[in-house]
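Note that these values count all heavy atoms, side chains included, but never hydrogens, waters or copies made by symmetry. Proteins come first, then strands; the chains are lettered A, B, ... in the order of their sequence lines, and each starts at number 1.
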Amino acid sequence: MRSSVRGIAMLEVMAAAVIGALMAMPVITLLFTTTHESMVSEDYMFAEALGQRYLAEAMGISWEDLAEQLPLTIPIEGVPVEDKVLAALRKEYARNLQGDLAFKGKLDIRKIKPGLLLYELSIAWPVRPGSRSVRHYALVRLRSRHDIAISTNFTLPVMHLEENEKGKK
Amino acid sequence: MTDGRGRRGIGVVLPVVMMLFFILLLGAVAQLFHTGSALTQATRDAGGAVAEQLAESAIEEALWHFQELVNDPSAEALAHSNRENLFNRVRKALIVGEKDVLDITDECAPVILKAHLSKSEHSPFYRHLEIESFSVKLRIPCRGATERIDTDNDSVCLGEQFIDIDCAVSLKLRDIVIWRRVCVRRRYGMAFISNYKPFDQLTFAILQSDFLAEYPDVLQKTSEIIDNVNRASWFLGNFRSQLLSGQPRINLQPSFIPIGKPPEITGEARSDLNEEMDRLRRRNPDFDQQLARMDEEQEGWYLWSLVAGKPSTRINRPRPDNWVSFQQEWPFIPSNALVVDIPTADSVIFSVDRKVNLEDFDYDKILVEVYKPLLERIKHAAEIYNDAVAPLLGTNDDPVSTGQVRRLEYNHKRAGRELSEALTEAIKALNDISGHLKKHSRAGFTTSVLGAYLRECSSRIRPIAYHINTKDDLKRLRERLPTFNGHASYHGKEDLHLNFNPWSGKTIFSCAYHHEGAPRIIVDSIVMASKSRDFFVLNAQNIHLRGDDVEASIFAADRVHFRGDVSIYGNLLISHLRLRQDRDRDEDLKGTVLFNPRCYSGVYWKRPLDKKGKTRVSRNMFEKVSLNHYTVGLLPRGMKRVIFRSAAAAGQPFDEAGEADN
């Protein structure tokens, strides 16, 4: 009589399923973790790039132009006008600046001393859509005016005449 | 249905599943490590950017402190330190310091940045940041003001001073340590706001005067006139005594006063002259050519000399009574009446009086307007005299009976009086000039000092020289820096109007040198906003003063024009004043200069050397030097910027690392 025990036993399948399920849990957790970390990394890199970009642009404004506007707050929100084309081409870029997960923030510029400006940048973004918890990226930068020495005032003394007059007296 | 024989062992599914899961697990773990590394890298990048910006902020604050303190003489020195304030330290180091590096870290510490970080809403995060090392050093490979002290030093290197700022920041985030070091090198410079010693003490100066080269000739010619007049006096005395002694005739030598028209040769004297000329032609074949080369007066006197003394030119004796007063009106000028002790041509003409009337120093103009008309009067008087004497010499008639003596006497008196007055006035005018020159000049100055001075003027300290090419550039500079301490250098070719009312700042305004066609710098008005605070030095080749108030120390490197009566409060230095015939009419000196004591910047001194020939710096060296006349500024553009991203580079010297990054 020919043996008929070919194929996969139910028990085998069940055991494999149980073992597989048990082993899949940490793997899935790992995958979630890595995905999460990737997103966090990506977010920080984007925040840094965004912050550096706004800071560089603000640092490029001349002193004369800035002086008339201080204190100045530059909002970081939405796609900048000059980036509309880029945002249309690269959806992920637009996604980071619009919608529930958008990066938002501001760049405050104010004078803390005559000839010394403080640039304070902060960017925040939600951990996940609808979440109240947010992540932050902050930068501080000082900027000094390079010609304040040229504009300072100090008196010129009258040296020899005073001495001569004292001598005469 | 089975045969009851169960399968032994495990099937193939489980191992396959487990193998697959193991592979998956390995992949997941690998991904975890990878993403962990990516996250760490992202954190490092983001944290590195923060640390870098912090270092940059500390550097910016240091530059701010440096600029604030370096031009503030009233700034207090650091507590717990016996050092002077930064204002004095930097200037002294630049003028004649002993060290090549000046450490100003303490003065420029980033206190404002630290205070802000501690108050910030993100201070919990900023607490992880730490400024590990910070240094600010001024490098002084050569001294900016050396050329002021050693005018004979030709190897002065300007504009090489720079400031090195080095800041290292670490950021500790859990187990990650992020480290950034930013090094910045910026050029700075020091400008001297005045004219160099001794020109800072002069109210007015002409550094090179063509008049001084011409003046000895004027004096020489005047001396000759005086000699001739005195010789004429001697001749007249002799003439009179011969007449009185009853001698029938006298010999006249006409060279006694070879100015004016020579006596006319007529009658017998003419035939005597022809005989004499024929004789000379026989002896000298070139006689007529030589005669033709003489001018009319020379020829006339020469021909007269050929016949003078011959019988045809002898005079009959007039009555002695008519000649009594012959000599009384004739002037006699003592040989020392004319002052001939004058400065040499390489002298500088100057005044240190508080107020100077410029016209008093335009000697050539005085010569033209005062002396030359007197010279004409002298010539005219000589002509009167000669016209009166000549007929008397050329006749044998009795001069008394013909009335010639009376005419001679009248004309002689007239000529004598005219000569006396004109010559006396001329000598007085020249003596006034000579006396003024003697009082206001210093010999040998031009050759010994002027060359070096002009070199210095052309190479003022450049790092804070703002270049201006058009009048719009100047307008923009004024708008951008309403107070300007430094050097504005005009490089345009168009004429430029200076109308600063008021001007604020301590400024040198110079015009780049042009071999030909220097643009006109037209000074409409320069008035300081504050006389105690602001100061203006103008240095250009072609200056036109419109005649308004000018509060400036002016150095005219070539020509200065006076379109009106200018009133200068400061001082005026003219490098070269030409003779009147070589200059425009509006170059005649006109107006007044009132000395501004703020032109004075200090005393001239040589660096004392020790026995080994090294510079010795004493504490009282700067007592009489006005450090306030030096202004320090930062060059807007960076010279070098290096960022180190590894803590291994903590001690690496700045000079050896990285590439220039402006």
Side-chain angles (χ1 to χ4, degrees), chain A residues 1-5 8-9 12-13 15-17 19-20 23-24 26-28 30-31 33-35 37-38 40-42 44-45 47-48 51-52 55 64 112-113 115-116 118 120 122 136-161, chain B residues 2-3 5 7 10-11 13-14 17-18 21 24-25 28-29 31-32 35-36 38-39 42-43 45-46 49-50 53-54 56-57 60-61 63-64 67-68 70-73 112-113 116-117 120 122 125 464 480-481 483-486 506 532-533 535 597-598 600 624 626 628-629 632-634 636:
Chain A
M1 189 173 160
R2 213 182 142 117
S3 174
S4 61
V5 288
I8 302 162
E12 267 185 305
V13 173
I19 292 169
M23 292 180 74
V27 170
I28 288 165
L30 274 177
L31 285 172
T33 306
T34 54
T35 307
E37 285 190 349
S38 294
V40 172
S41 307
E42 200 178 314
Y44 270 110
M45 283 192 283
E48 184 209 338
Q52 294 281 8
L55 190 64
E64 287 75 23
I112 51 173
K113 297 276 179 185
L116 188 65
L118 174 72
E120 216 167 9
S122 63
H136 289 280
Y137 180 79
L139 269 181
V140 167
R141 180 72 151 87
L142 292 180
R143 180 186 177 188
S144 69
R145 184 168 178 156
H146 295 155
D147 48 21
I148 51 172
I150 290 164
S151 301
T152 52
N153 288 318
F154 55 94
T155 57
L156 280 176
V158 179
M159 298 179 74
H160 75 310
L161 281 188
Chain B
T2 62
D3 60 358
R5 194 177 60 176
R7 202 180 60 179
I10 55 170
V13 176
L14 196 58
V17 168
M18 288 187 68
F21 274 114
L24 195 62
L25 185 64
V29 170
Q31 192 181 351
L32 180 67
T35 51
L39 180 62
T43 309
D45 278 353
V50 174
Q53 293 296 348
L54 190 78
E56 295 272 15
S57 297
E60 286 291 318
E61 190 185 332
L63 289 171
W64 181 80
Q67 292 193 87
E68 277 285 303
V70 80
N71 280 342
D72 183 5
I112 298 173
L113 178 66
H116 174 76
L117 292 181
S120 168
H122 303 292
F125 168 70
I464 49 174
R480 194 162 71 84
L481 295 168
T483 299
F484 179 75
N485 300 319
K506 285 165 269 293
S532 64
R533 193 190 63 203
F535 194 62
R598 287 178 181 82
Y600 182 79
K624 292 182 180 176
S626 168
N628 292 33
H629 277 80
V632 179
L634 202 64

Sorted by chain and residue number, the salt bridge (Lys or Arg N to Asp or Glu O under 4.0 Å) partners of A:Glu120 (sequence neighbours excluded) come out as A:Arg110
For chain B, which of A:Thr35, A:Leu139, A:Ile28, A:Asn153 has the most heavy-atom pairs under 4.5 Å?
A:Asn153
Please find the pair of heavy atoms, one from B:Gln53 and one from A:Val140, that lie closest to each other, and give the distance.
CB-O, 3.6 Å
If you tally heavy-atom pairs under 4.5 Å against chain A, which of B:His116, B:Glu56, B:His122, B:Glu68 wins?
B:His116
Using heavy-atom distances under 4.5 Å, tell me whether A:Leu118 contacts chain B through its side chain, its backbone, both, or neither.
side chain
If every non-hydrogen atom of B:Leu54 is compared with every non-hydrogen atom of B:Leu113, which pair is closest and at what distance?
O-CD2, 3.6 Å
Looking only at B:Ala42, B:Ser532, B:Ala46, B:Ser57, the option with the highest number of non-hydrogen pairs under 4.5 Å against chain A is B:Ser57
Relative to chain B, which of A:Lys113, A:Glu42, A:Met45 shows the most heavy atom pairs under 4.5 Å?
A:Lys113
Side chain / backbone / both / neither for A:Tyr137 at chain B, heavy atoms under 4.5 Å
side chain
Which residues share a side-chain hydrogen bond (donor to acceptor under 3.5 Å, both in side chains) with A:Asp147, sequence neighbours left out
A:Arg145, B:Arg480
If we define contacts as heavy-atom pairs under 4.5 Å, which of B:Thr43, B:Leu117, B:Asp45 has the most with chain A?
B:Asp45
Flag the one option from A:Leu55, A:Val40, A:Thr152 with the top tally of heavy-atom pairs under 4.5 Å to chain B.
A:Thr152
Locate the shortest heavy-atom distance separating B:Glu60 from A:Ser144; write the atom from each residue and the value.
OE1-N, 2.7 Å
Side chain to side chain, A:Phe154 and B:Asp72, heavy atoms closer than 4.5 Å
no
